[in-house]
Each structure stands twice: as C-alpha cells, then as structure tokens.
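Accompanying notes for the structure given below.
Letters A, B, ... mirror the listed sequences (proteins, then strands); counts begin at 1. What you see is a predicted model; the values in this text were computed from it and never measured.
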There are 2 protein chains.
Amino acid sequence: MENLEHKHLAVLDEATRRGEQDTGNMRLCFEVLALAAAIDRSCAARLAPYRLSEGKFVLLSLLRDLPDGLAPYELAERAGVTRATVTGLLDGLERDGFLLRHGDKDDRRKISVRLTSMGKAMAEDLFVEHSQWIGSLFAGFEPREREVFSGFLLRAWRNVEMPLDAGQATGAGTSP
Amino acid sequence: MENLEHKHLAVLDEATRRGEQDTGNMRLCFEVLALAAAIDRSCAARLAPYRLSEGKFVLLSLLRDLPDGLAPYELAERAGVTRATVTGLLDGLERDGFLLRHGDKDDRRKISVRLTSMGKAMAEDLFVEHSQWIGSLFAGFEPREREVFSGFLLRAWRNVEMPLDAGQATGAGTSP
DNA sequence: GACTCATAATTAGGTGCCATACTATATGTC
DNA sequence: GACATATAGTATGGCACCTAATTATGAGTC
C-alpha cells in the first residue's frame, strides 16, 4: 500500500467499496504510475542543486560533444517536445550560463545552440552521475527478471497505445 | 524500441556509445517512464472532451456521495497536492459548473465544496468509464503475472525511495 | 522585383503543479 | 479585551509543458 499515491488510493478505495471487479488491474496501473512519479521526484531532487530540470538536462545531454551545436528545432525533435518549449528551456539555460545562442552564418532565421565551458563540464559530470543513478534504480534484477519485466511493460504499453476493439474489457469502446 | 520516449532514446544512445555497462537497467527505467507517460497522455485525451484534467477528475471522484461536501484542505490531503493547487482546480471546476463553494455555518475560514447536479452526473459516469479504462490497460495478465509484475514494481520503488548505502551501484552516494 | 508558400524562433495565453506570503478567522492564555 | 499562535483559503510568482499566432527570413515561381 506504500507504493501508491494518495489520489490513486482514493479512486481504488471507491472502486473496492462499490464491489468493482478487476481492482487488481487498476492497482497494477496505479503502481506503475506511482513508480514513475517517485522516479520523477527523485530525479528533480537530484537535479535541483544544479538549477536544472529533467528537460534542461536532456538538452544539455543532447548538446554534448557537438562543437557546432544544434538548432532549437533539432533539439525539439530529439527531445520530443515543441519548439516553444525548447525556447523556454534555452532561455533558462542561457540565463544560467550553460549555453549560448549563436546566429547562423547562412540563414538568419536559424540559430545554433552551443554549450559554454561551464555547460560542457556540467553536462559531462551530470551525465555520468545521472546514468549511474538511473541504472541503480533497477539494481538487483537478474537478466531474466529484467526480460520478464520489460515484456510486461511492453504488453501494457500496447494496451495503452493500441487498444483492441470490442473484445476488450471496456464498456462502450470509447476512443480519444 | 517503440515504447521509449525520444528524450530517453537520446540518453540511452549516448550511454551505449560510450560503452556504458548496465544500459539494460537504464532501458528498463525508461520503459517504465514511457508506459506512465503513455497512460497519462491517453488519460488526458479521454478527459479533455469533458473539460477535465486528471487532477480535476480526482477531486470530482473524492466529492462523490458526499452531500455535505469536503473542505479544500481535506481535498488536498486526500488528493496528495497542496492547498494552493486545490484552489486553482476548484476555480476551474466551479467555473465549468461542476461544483460550488459553500460557506461554513460555524467557521468563516472554512468552505464546503459540493458537487452540483451536473457534477454528480459527470462524476458518476466518468468514474465508471475511467475505472473500466484503467482496468483494461492491464487486461490479459494472469493473476500470477500480475503478482510478479507488482513485485518488480515494489522492488524498483524501494530502490527509488530507500536507496541503499555504499553497496549500491552509484558513484559517490549523493543524496537529494 | 513581386508574390506565395514554407520554415525558424519567439510570443502570448493556458494549465497544473509547486513554494511562499498574505489575509481573515479561530483558539487559547493572560 | 489584548495578544500570540495556528488554521483555512487565496494570491503571487515560478516552472515546464502545451496550442496557436506572430514575426522574420528563405525558397521557388512568374
């Protein structure tokens, strides 16, 4: 019960109270969400002292080892966010001295984002540290267990991304 | 590779490129995060037509079957968010006609939040539909598989919430 | 060169979360 | 009654995401 979020407990309690079937499935779903939320909170706590969010960290990672930098639209594509979001993140990273925007010599619409020395050092140190931390979250799993776990995640992911037709456990087969 | 987010792919590629051990653990972590993100997006898509977010839906769920309503601080506790957050969510829900704020007859600091008829109908319909949808995400899992899956999630959750001391795969044992 | 269409980056406004501070009120003590 | 402390709800500002619109520029056609 410890690895559930308050809000999910409330929903789960209510489903249980009304004699809902399949609270086991709901609970499993909430456990996945609770784990992801816990990872996000821990990640934020680890990055906060460096004045970084996960989104900013991703941009720093993308810019490492690229002396010519990247354009904001390329950063947006690789990070999977909109160009508007990248503009905001770059504002903060530039303000804090991690990178600079440079005009493109051929195309005045374009800019090239490059890390500063401080940005490079930060990106390097944090990449190593962050990677190790991420890896540590799943320490203690045997290769076979990881394989089974990953298979479960993929199956669930497919249920989310590609819900089946009427043969599924939903009522009216509603879609987004 | 399909059930990973762009940003995680970038980090994973980089870790692979530099001959990192344990990319299997990182990948597993990113798969959990990708599944949670997919669930969140699908949830948002399902609630959007009703002008609801997940946070608002949780408040509606909490207020169901409570003719006397709840105070905002109680909603905050049960939903696991701050009172400031609840104020904002209630603003939107009141604006859209789902609920009303009522002054407390004894304590002028307090208000009691109660659903309107429309809010009650919405909460009832959505609760059933949403519960079924959540349950459907883990359809097809045998009880034994769910048990194993849940065990994996709990183990990983413990790694996040209660990291071990030096015997862990992290470098300098940094803490938040 | 004028015009149309496309692209790059930014701006504006919205949302949901947060922390902090503020205002109003309640409670307890003297 | 004055005062100190605590509580309830809100206001303010920040952040990271979004969509849509705007501005500036580039490319292609005539």
Worksheet item: Roughly how many Å is it from CZ in B/Arg83 to P in D/dT12, rounded to a whole number?
Response: 17 Å
Discussion item. Counting only side-chain nitrogens and oxygens, does B/Thr82 get under 4.0 Å of the OP1 or OP2 atom of C/dC18?
Written reply: yes
Discussion item. It should be established whether A/Ser53 places a side-chain nitrogen or oxygen under 4.0 Å from OP1 or OP2 of nucleotide D/dA16.
Written reply: yes
Response to the item:
Taking D/dT10, D/dA6, D/dC18 as options, the one with an atom nearest any side-chain atom of B/Arg109 is D/dA6
Fill in: Nearest heavy atoms of B/Leu99 and B/Leu63, plus distance in Å
CD2-CD1, 3.8 Å
Fill in: Atom pair distance, as rounded to whole Å: CD in B/Glu77 and C1' in D/dA8
12 Å
Practice prompt. Give a yes/no on whether any side-chain N or O of A/Lys110 is located under 4.0 angstrom from OP1 or OP2 of C/dA9.
Written response: no
Fill in: Which nucleotide in C/dT10, D/dC17, C/dC17 has an atom nearest any side-chain atom of A/Val81
D/dC17
Worksheet entry | Distance below 4.0 Å between B/Arg101 side-chain N/O and D/dT10 OP1 or OP2 | yes
Worksheet item: What's the spacing between A/Leu126 CG and A/Arg46 CZ if we round to 0.5 Å?
Response: 9.5 Å
Worksheet item: According to a strict under-4.0 Å criterion, is B/Thr85 in side-chain N/O contact with OP1 or OP2 of C/dC18?
Response: yes
Worksheet, complete the sentence: On DNA chain C, more 5' by nearest nucleotide between B/Ala84 and A/Ala71 is A/Ala71
